[in-house]
Amino acid sequence: MTLTDPPLRDRFWTLPLGQLNSREWEALCDGCGRCCLVKLEDEDSGEVVFTDLSCRYLDIRRCRCQVYAQRRRKVPGCLQVTEEMARSDWLPASCAYRLRAEDKPLPEWHPLLSGDPGSVRAAGISVAGHVVPENRVAERDWEDHVIHWVEN
């Protein structure tokens, strides 16, 4: 945090997404890593499915991007979470951004409510221990990695 970072307001996570300052926006992330999973879209139906393949830059033990500040440069297709994106099925149903975009409350396991970053893993939401970096699997085999434990 720097002197120019805006403060976190009490219960900011109950506000509409458009009212969050930049620091609150970042703090809303629960750190599950699900947004960093490779998603496949059926060209005919538009259906989006998740795989157990993560972005090569996701630290799969800590569920944190290893190149966060440069992610858009290093991975041009990296999702930029916006209010519009939060209303789509490109984010999992458990995502705090999606929940708030749908005017739903955060689940009790969310670190902002539990006070414990480990609550995401304890609730079975974290991808830690369940994924493989995308660069370890040939792209032709990605369809073999479709999962159903992430709800979209």
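Below, all heavy atoms of this structure are taken into account, side chains as well, without hydrogens, waters or symmetry copies. One is the number of the first residue; the rest follow in order along the sequence.
- Here the side chains of W109 and S94 are in contact, with some heavy-atom distance below 4.5 Å.
- Shown here for C35 and L79, the closest heavy-atom pair between the two residues is O-CD1, 3.9 Å.
- C78 has its side chain out of reach of C55: every pair of non-hydrogen atoms, C-beta onward, lies at least 4.5 Å apart.
- A pairwise comparison of heavy atoms in F50 and L91 identifies CZ-C, 4.1 Å as the closest pair.
- Side-chain contact between D52 and H130 is absent, with no heavy-atom pair separated by less than 4.5 Å.
- With rounding to the nearest 0.5 angstrom, the CE atom of M85 is 10.5 Å from the SG atom of C95.
- Listed by chain and residue number, S119 satisfy the side-chain hydrogen bond (donor to acceptor under 3.5 Å, both in side chains) test with S114 (two or more places apart in sequence, or in another chain).
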Chi angles and distances behind the side-chain contact (heavy atoms from CB on, under 4.5 Å) call for L28, R100
CA-CA 10 Å; L28 190 58; R100 293 308 304 138; 4.3 Å; yes

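- Between the CD atom of E41 and the NZ atom of K39 there is a distance of 11.5 Å, given to the nearest 0.5 Å.
- To the nearest 0.5 angstrom, L17 atom CG is 12.5 Å from E84 atom CD.
- Heavy atoms only, all atoms of each residue included: L112 and A27 are closest at CD1-O, 3.7 Å.
- The only member of V137, L37, N135, L40 that meets side chain to side chain contact (heavy atoms under 4.5 Å, CB included) when paired with L53 is V137.
- Separation of the W13 and H110 ring centroids does not fall under the 6.0 Å cut-off.
- At a threshold of 4.5 Å between side-chain heavy atoms, the hydrophobic network of Ile, Leu, Val, Met, Phe, Trp and Tyr places L58 and V132 in two separate groups.
- Pairing each heavy atom of C63 with each of G31, the nearest pair is CB-O, 3.2 Å.
- Residues E102 and Y97 bring no donor and acceptor atom of their side chains to less than 3.5 Å of each other.
- Residue Q80 qualifies as enclosed at atom CD: its count of foreign heavy atoms under 6.0 Å is above 12.
- Counting heavy atoms of neighbouring residues, nucleotides and ligands inside a 6.0 Å radius, atom CG of D141 exceeds 12 of them.
- Remark: R136 CZ to R56 CZ distance equals 11.5 Å, nearest 0.5 Å.
- Here the closest non-hydrogen pair linking E83 and W25 is N-CH2, 3.9 Å.
- Residues I147 and V49 fail the side-chain proximity criterion, which asks for heavy atoms closer than 4.5 Å.
- A heavy-atom distance below 4.5 Å is not found between the side chains of V38 and S54.
- The same ILVMFWY cluster, assembled from side-chain heavy atoms under 4.5 Å apart, contains both V150 and V131.
- Atom CG of N21 sits about 7.0 Å away from atom CG of L8, to the nearest 0.5 Å.
- The environment of Q19 atom CD is dense: over 12 non-hydrogen atoms of other residues, nucleotides or ligands sit within 6.0 angstrom.
- Put simply, the side chain of C65 reaches to within 4.5 Å of the side chain of V67, judged on heavy atoms.
- Summarising the geometry of L99 relative to L106, their closest heavy-atom pair is CD1-CA, 4.5 Å, with the distance given to 0.1 Å.
- Contact of the Y57 side chain with the E134 side chain is not registered, since no non-hydrogen atoms from C-beta on lie closer than 4.5 Å.
- Cation-pi geometry between R9 and F12 is not met: the NZ or CZ atom fails to fall both under 6.0 Å from the ring centre and inside 45° of the normal.
- In this structure, CH2 in W149 is found 6.0 Å from CZ in R34, a value given to the nearest 0.5 Å.
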